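Everything quoted here is computed from the prediction, not taken from an experiment. A note on names: the letters A, B, ... follow the listed sequences, proteins ahead of strands, and every chain is numbered from 1.
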Amino acid sequence: MAVKEIDARGLQCPGPIVEVFKAINALKPGDEIRIQVTDRGFLEDVKTWCRKTGNVLVSLEDGQPIKAVIRKK
Amino acid sequence: MTKNAIIMFSGDFDKAMAGMIIANGAAAMGNEVTVFFTFWGLNLLRKPGKVKVKKTTMDAMFGSMMPRGPEKAKLSKMTWATGQMKKTMKRKHVQEITELMTQAQAMGVKFIACTMSMDVMGIQKEELIDGLEFAGVATYIGTADESTITLFI
């Protein structure tokens, strides 16, 4: 399993979600993305993004930055 | 695949930002996104430099008075503060309008220029950016009909 680290700190909407999308396309099923984001909207956006795209939100940690782990379906 | 259709009627900077953020966001959700640029919105597709094409006097006049490309677009309110708003956005790391448009196209968002508006405004294909399709209302309706979201901006 590959893990792709993304530092999206400082990026504003829709930057972080665009980064997640680009990264997931380059991965294989089961691979994971670990991302750090400072845009507050991401906390809700990442949930919706995973629900709509069918990828798995493994963990989501609120803070500065917000940290999320997403697994490709 | 989920489809989304956006009509970009306005050429105002703030509305273009909204339209392009939504287009990029929708593409990032894995949706098939089409943006129809019509009327004032057509100016967002213009190349920044002057392009040599044959025009009538009226078309040339219109062309020279309208903004060439998104960098020339102004806020819909407080137009005098456009420069200040852009500086603030830059400081806060908001992506720039041209970058959002390029990124949208790179993510597969389809840009369609309305040919009737082009004719009315005297804008020719050569004056517009690359990667466009050219069509009319039937194409929009055809796409909007199959879309889950359709917006008029």
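Hydrophobic clustering (ILVMFWY, side-chain heavy atoms < 4.5 Å, transitive): A:Val56 and A:Ile70 are in distinct clusters. In this structure, B:Leu45 is a member of the same hydrophobic cluster as B:Ile7, with clusters built from ILVMFWY side-chain heavy atoms closer than 4.5 Å. A single hydrophobic cluster is seen to contain both A:Trp49 and A:Leu57, as judged by linkage of ILVMFWY side chains at heavy-atom distances under 4.5 Å, directly or through other members. Residues B:Trp40 and B:Tyr140 are members of one and the same hydrophobic cluster, defined by side-chain heavy-atom contacts under 4.5 angstrom among Ile, Leu, Val, Met, Phe, Trp and Tyr. B:Ile21 and A:Phe21 end up in different hydrophobic clusters when Ile, Leu, Val, Met, Phe, Trp and Tyr side chains are linked at under 4.5 Å.
Environment of NZ in A:Lys4: sparse, with no more than 12 heavy atoms of neighbouring residues, nucleotides or ligands closer than 6.0 Å. Shown here is B:Met89, whose CE atom has more than 12 heavy atoms of other residues, nucleotides or ligands within 6.0 Å. Atom CE of B:Met58 sits in a sparse spot, with 12 or fewer heavy atoms from other residues, nucleotides or ligands closer than 6.0 Å. Atom NZ of B:Lys47 is surrounded by more than 12 heavy atoms from other residues, nucleotides or ligands within 6.0 Å. Atom CZ of B:Phe39 has more than 12 neighbouring heavy atoms from other residues, nucleotides or ligands inside a 6.0 Å radius.
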Worksheet item: Stepwise, does the side chain to side chain contact (heavy atoms under 4.5 Å, CB included) test hold for A:Thr48 with B:Met29?
Response: CA-CA 9 Å; A:Thr48 310; B:Met29 300 287 281; 4.1 Å; yes
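Of all heavy-atom pairs spanning A:Pro14 and B:Gln95, the tightest one is CD-OE1, 4.0 Å. Shortest non-hydrogen contact noted between B:Lys92 and A:Gln12 is O-NE2, 2.8 Å. Shown here for B:Asn24 and A:Val18, the closest heavy-atom pair between the two residues is O-CG2, 4.1 Å.
B:Ile22 does not touch chain A: none of its heavy atoms, backbone or side chain, sits under 4.5 Å away. The part of B:Met107 that comes within reach of chain A is its side chain, from C-beta onward, which places non-hydrogen atoms under 4.5 angstrom from that chain.
Inspection of non-hydrogen atoms places no residue of residues 33-45 of chain A under 4.5 Å from chain B. Near-neighbour residues of residues 58-67 of chain A relative to chain B, defined by a heavy atom under 4.5 Å from a heavy atom of that chain, are none.
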